[in-house]
Amino acid sequence: MNIKIRELKKEDINQYKLEKFLFKMVKESYDLDYIPEYHYDIKDLFKYYLKPQKNNFFIAIDTDTDKIIGTSGIRSYDRKIPIKNRNYSKDTTASIYRVFVQKEYRHQKIATSLIQEVEEFCKKNNYSEIYLHTQRPSYGALPFWLSQEFKIVDDTKDEMGTIHMEKVLKRDLLQITSISEIEESIET
C-alpha cells in the first residue's frame, strides 16, 4: 500500500468523486444524510476550501488503486456560535473540517499525516490556533484529537456529545494570563 497526501486540486473534485466520498463518510460516521446547514461546504468544495487564500483541503490517495481514502479540510474560523471562554477570529483561528479515513485504512497514521499537513499550512498562513469540534460518540475521534495535542476547551454535554477543542500554534504574549504560561511560551 502506497499512500500520498496532497493538496486538493479543482480537477480532483470530479476525478475522485469527492462529494460522493464525503457523504458516504458522513453517513458511516454520523448516520446523517445531507443536511444543508451542516454540509453546505461539501456541495461547493471549491468555494469553501480552494478559492479562499487561507483555506485548503488535503486528500489521501492510495496510489496503488488511485482511490481517495482520506480527507481533511481547513478554513478560517467562521462559526456564528460563541465558544465558552474563547475569542476566535477568522484572521487568527483556523477550523478543521471533514477529517475522514476509510475504515479499512484506519490505524495506519493516515489521519495523523493529514493533520500534519493541515498544521504546516496553518503555520504558513499565520494562524495562532486551530479549532475543531467533535462528537463524543464518534468512533476514535476524541482519543485521536487528544493524541494530536488538541485540548478540550468546552464539553457541552449536549445530546450530540459535542466537544470543542483547540491546539495553540503560537501564543500571543498579550493574551497570556499566568506566569506559568509565560514560562511555557518562552521555552517553546
Side-chain angles (χ1 to χ4, degrees), residues 1-52 55-79 94-123 127 130-152 159-167:
M1 172 175 57
N2 295 300
I3 307 300
K4 182 176 181 179
I5 309 284
R6 65 174 176 80
E7 291 183 19
L8 180 71
K9 298 178 205 154
K10 187 176 182 180
E11 58 270 19
D12 294 332
I13 295 170
N14 289 328
Q15 178 182 340
Y16 291 107
K17 298 179 175 73
L18 194 51
E19 182 180 316
K20 183 177 179 180
F21 173 83
L22 289 167
F23 279 121
K24 174 184 168 221
M25 298 307 295
V26 166
K27 184 69 171 175
E28 285 177 11
S29 300
Y30 306 108
D31 196 29
L32 293 174
D33 294 312
Y34 174 62
I35 300 172
E37 66 191 272
Y38 298 146
H39 305 126
Y40 56 90
D41 61 314
I42 295 174
K43 289 290 199 176
D44 197 344
L45 292 161
F46 180 79
K47 176 182 176 182
Y48 289 98
Y49 297 101
L50 299 183
K51 190 174 179 186
N55 296 5
N56 211 333
F57 202 89
F58 295 89
I59 55 175
I61 305 285
D62 181 337
T63 58
D64 295 336
T65 62
D66 195 33
K67 299 230 186 254
I68 191 162
I69 58 160
T71 61
S72 182
I74 193 79
R75 300 193 329 235
S76 292
Y77 185 81
D78 61 0
R79 290 181 60 93
S95 295
I96 291 180
Y97 289 88
R98 312 300 173 211
V99 178
F100 294 115
V101 175
Q102 280 189 333
K103 284 182 184 178
E104 58 270 23
Y105 290 90
R106 290 181 185 160
H107 306 290
Q108 297 180 45
K109 304 287 184 197
I110 296 166
T112 297
S113 296
L114 285 161
I115 298 310
Q116 287 170 345
E117 291 291 330
V118 162
E119 287 186 22
E120 285 306 309
F121 177 82
C122 289
K123 289 173 185 175
Y127 286 115
I130 303 173
Y131 161 85
L132 66 90
H133 68 275
T134 190
Q135 279 73 38
R136 194 171 288 283
S138 181
Y139 170 79
L142 186 56
F144 170 75
W145 292 116
L146 292 170
S147 78
Q148 300 301 305
E149 299 178 8
F150 280 77
K151 306 288 185 225
I152 297 171
E159 67 278 357
M160 291 182 70
T162 304
I163 299 171
H164 300 282
M165 304 181 81
E166 75 177 10
K167 181 172 187 175

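Worth knowing before you read on, the calculation uses all heavy atoms, side chains too, and leaves out hydrogens, waters and symmetry mates.
For Glu11, the CD atom sits in a packed shell: over 12 heavy atoms of surrounding residues, nucleotides or ligands are nearer than 6.0 Å. The environment of NZ in Lys47 is sparse: at most 12 heavy-atom neighbours from other residues, nucleotides or ligands sit within 6.0 Å. Heavy-atom contacts from other residues, nucleotides or ligands closer than 6.0 Å to CZ of Phe46 number more than 12. Under a cut-off of 6.0 angstrom, the local environment of OH in Tyr34 is crowded, with over 12 non-hydrogen atoms contributed by other residues, nucleotides or ligands.
Taken from CZ in Phe100 to CZ in Arg106, the straight-line distance is 9.0 Å, to the nearest 0.5 Å. Rounding to the nearest 0.5 Å places CD1 of Ile13 at 5.0 Å from CG of Leu45. For the atom pair CZ (Phe57) and CG (Asp12), the distance works out to 10.5 Å, reported to the nearest 0.5 Å. Going from atom NE2 of His164 over to atom CZ of Arg79 covers 5.5 Å, rounded to the nearest 0.5 Å. The CD atom of Glu159 lies 10.5 Å from the CD atom of Gln135; values are rounded to the nearest 0.5 Å.
Proximity of the aromatic rings of Phe21 and Tyr16 is defined here by a centroid distance below 6.0 angstrom, and this criterion is not met. Taking the six-membered ring wherever Trp is involved, the centroid distance between the rings of Tyr48 and Tyr40 falls below 6.0 Å.
Proximity of a side-chain donor or acceptor of Asp33 to a complementary backbone N or O of Lys27 within less than 3.5 Å is not detected. Using modelled atom types, no side-chain atom of Asn56 and backbone atom of Ile74 make a donor-acceptor pair closer than 3.5 Å. Put simply, the side chain of Thr63 gets close to the backbone of Asn2: a donor and an acceptor are under 3.5 Å apart.
The closest side-chain donor-acceptor pair between Asp41 and Tyr97, if any, does not fall under 3.5 angstrom.
Under the 30°/60° scheme for interplanar angles, the aromatic rings of Phe58 and Phe121 are found to stand perpendicular.
Of the candidates Ile69, Ile110, Thr112, Thr71, Val101 forms a side chain to side chain contact (heavy atoms under 4.5 Å, CB included) with just one, namely Ile110.
The pair Glu19-Lys43 meets the salt-bridge criterion, with a side-chain N (NZ, NE, NH1 or NH2) lying under 4.0 Å from an Asp/Glu carboxylate O.
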